[in-house]
Amino acid sequence: MNTKNLFTELVNLENQNFLLSIMNHLPNPDKILRKTGKTIEAYRDLKNDPHVWSCIQSRKSGLLGLEYTIAQNNSDSNVVKFIEDIFNTLDINQIQRDILEAPLFGYQPIEVMWKQTEGQRKFLVPSNLIAKPQEWFFFDIKGNLKFKKSSVPDGIHPPPKKILNVQYEPDYHNPYGHSLLSKCYWAVTFKNGGIKFWVNFTEKYGMPLILGHYTRGASSEEVQKLADVLADMAEDSVIVSPSDIQIEMKEAVRFSSISLYKELIKFCNAEISKAILSQTLTTEIEMGSLAASQTHFKIRKDVILSDIKLVEKTLNKLIQWIVELNFGNIQCPSFKLILNDSDNSQKIERDLKISQTGMIRLTKKYWMNSYGFNDDEIMEL
């Protein structure tokens, strides 16, 4: 084989390997990103919209006010104390905020920063959890998360127990999850367009029109001078004119057009509320029936419960990693968010009625798992 053919074969082999790398890269199937040709960064820009930001804060606030506990789950009490001490050093509030970015973008990689403790026995514990930009990562055709690197087209697998990958409603065909901000994209785009036209309309017709009358025999120079004087009057509101010149103020008729812009913005805001909060009443305050209000707040509670499960699942994964690294494969305690007593009232009432029948005895493990009690907080009769 001559040198030229060998070089051609090597180039073809390199191109083939590159294509295989690209083929292993599963693109985000998000229809908005595919149609617009933009990256997921475009969704981050949507947060600049005041109504989008308000809805995001409203959704997150439903969870951030809750207290948490580390439930024992039949694990060793020393392990529970170990996990509690670690969580007391972490900014749990900020970590929960970062986890709740996953529903907005579809997925949220969070890097775990590990450190070794001092003392006679060394432990590996997380010192911080840092949310990383979604555009730094991609999924391969097997649904594995990979880190992008320009020199490695196929990407890099993150080290074990390094990235907590929070996904919102992923499936086999779409490991990127479903982005709520994707559902807001066109509503924000149309609303911004409407606001732009409204501002232009206000600049043009918001000020009253100044109508000047001149005599039929006036020269073109006199007409132009009158126009210049009226233009100056629009800024200074002062004019001196001869007695034979009549000046009138004409209000622009604009109410129908303003109503059109308001309705467009109102509709777009309602669509944004439905996408992020699954309802509109808690952000769009209007007259409505009590039944409608109760329905909307029930939907909000269901959204909060969904977010609670997402946060608990993520932090329980972190607890599993901590326990495996320091104690091996043993029973793990669990992170649980505590709802208000009013939210648990129906469940508590049901459990008490079941217990009072004497036919069914709820176990100690049930009370610990359901209400977050620790082992030493329950005394069996």
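Keep in mind that the numbers below use all heavy atoms, side chains included, and drop hydrogens, waters and symmetry copies.
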Common cluster, Y168/L305, ILVMFWY with side-chain heavy-atom separation under 4.5 Å: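 Cluster IDs for Y168 and L305 differ.
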Here the ring-ring contact (aromatic ring centres under 6.0 Å, His included) pairs for residues 58-80, sequence neighbours left out, are Y68-F335
Close side-chain approach of [X] to [Y], heavy-atom, < 4.5 Å:
{"X": "V152", "Y": "F147", "value": "no"}
{"X": "I319", "Y": "F87", "value": "yes"}
{"X": "P333", "Y": "V80", "value": "yes"}
{"X": "I330", "Y": "D76", "value": "no"}
{"X": "L104", "Y": "S179", "value": "no"}
{"X": "D49", "Y": "K191", "value": "yes"}

Which heavy atom of [X] sits nearest to which heavy atom of [Y], and what is that distance?
{"X": "C55", "Y": "L277", "answer": "O-CD2, 3.5 Å"}
{"X": "P109", "Y": "L145", "answer": "CB-CD2, 4.4 Å"}
{"X": "A275", "Y": "C184", "answer": "CB-SG, 3.7 Å"}
{"X": "F137", "Y": "P133", "answer": "CD1-O, 3.6 Å"}

Within 6.0 angstrom of [X] [atom1], more than 12 heavy atoms from elsewhere:
{"X": "K148", "atom1": "NZ", "result": "yes"}
{"X": "K122", "atom1": "NZ", "result": "yes"}
{"X": "N329", "atom1": "CG", "result": "no"}
{"X": "Q116", "atom1": "CD", "result": "yes"}

Can we say [X] and [Y] salt-bridge, meaning some charged N sits less than 4.0 Å from an Asp/Glu carboxylate O?
{"X": "D30", "Y": "R34", "result": "no"}
{"X": "E101", "Y": "K47", "result": "yes"}
{"X": "E271", "Y": "K274", "result": "yes"}

Do you see a donor-acceptor pair shorter than 3.5 Å between the side chains of Q320 and N316?
-> no
Side-chain donor/acceptor pairs under 3.5 Å, residues 157-164, sequence neighbours excluded:
from: K161; atom 1: NZ; to: E324; atom 2: OE1; distance (Å): 3.4
from: K162; atom 1: NZ; to: E111; atom 2: OE2; distance (Å): 3.1
from: K162; atom 1: NZ; to: V112; atom 2: O; distance (Å): 3.1

Exactly one of R97, K313, K60, R59 clears salt bridge (Lys or Arg N to Asp or Glu O under 4.0 Å) with D307, and that residue is R59
Evaluate side-chain hydrogen bond (donor to acceptor under 3.5 Å, both in side chains) for Q94 paired with D98, printing each intermediate quantity in order. CA-CA 6 Å; Q94 182 58 49; D98 292 337; 3.0 Å; yes
| said: Evaluate F105 against Y43 for ring pair (Phe, Tyr, Trp, His ring centres under 6.0 Å), listing each step before the verdict. | reply: CA-CA 7 Å; F105 294 91; Y43 294 155; 7.1 Å; no
Exercise for review: For the residue pair F139 and Y176, categorise the inter-ring angle as parallel (less than 30°), tilted (30 to 60°) or perpendicular (more than 60°).
Suggested key: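 Ring orientation of F139 relative to Y176: perpendicular.
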In terms of ring plane angle, is the pair F123 and F327 parallel, tilted or perpendicular, where the classes change at 30° and 60°?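 F123 vs F327 ring planes: tilted.
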- Task: Quick one: pull up CG in L46 and OH in Y185 and give me the separation to the nearest 0.5 Å.
- Result: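 OH of Y185 is found 7.5 Å from CG of L46.
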Self-check item: Interatomic distance, T117 atom OG1 to D85 atom CG [nearest 0.5 angstrom]
Solution: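 T117 OG1 to D85 CG: 11.5 Å, rounded to 0.5 Å.
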Quiz item: Given the rule in the salt bridge (Lys or Arg N to Asp or Glu O under 4.0 Å) test, do K309 and E312 qualify, once you have shown the distances and angles that lead to the verdict?
Solution: CA-CA 5 Å; K309 292 180 181 179; E312 289 180 343; over 6 Å; no
- request: Taking the six-membered ring for Trp and the full ring for Phe, Tyr or His, determine whether the centres of F267 and F190 are under 6.0 Å apart.
  value: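 Centroid distance F267-F190: not below 6.0 Å, so no.
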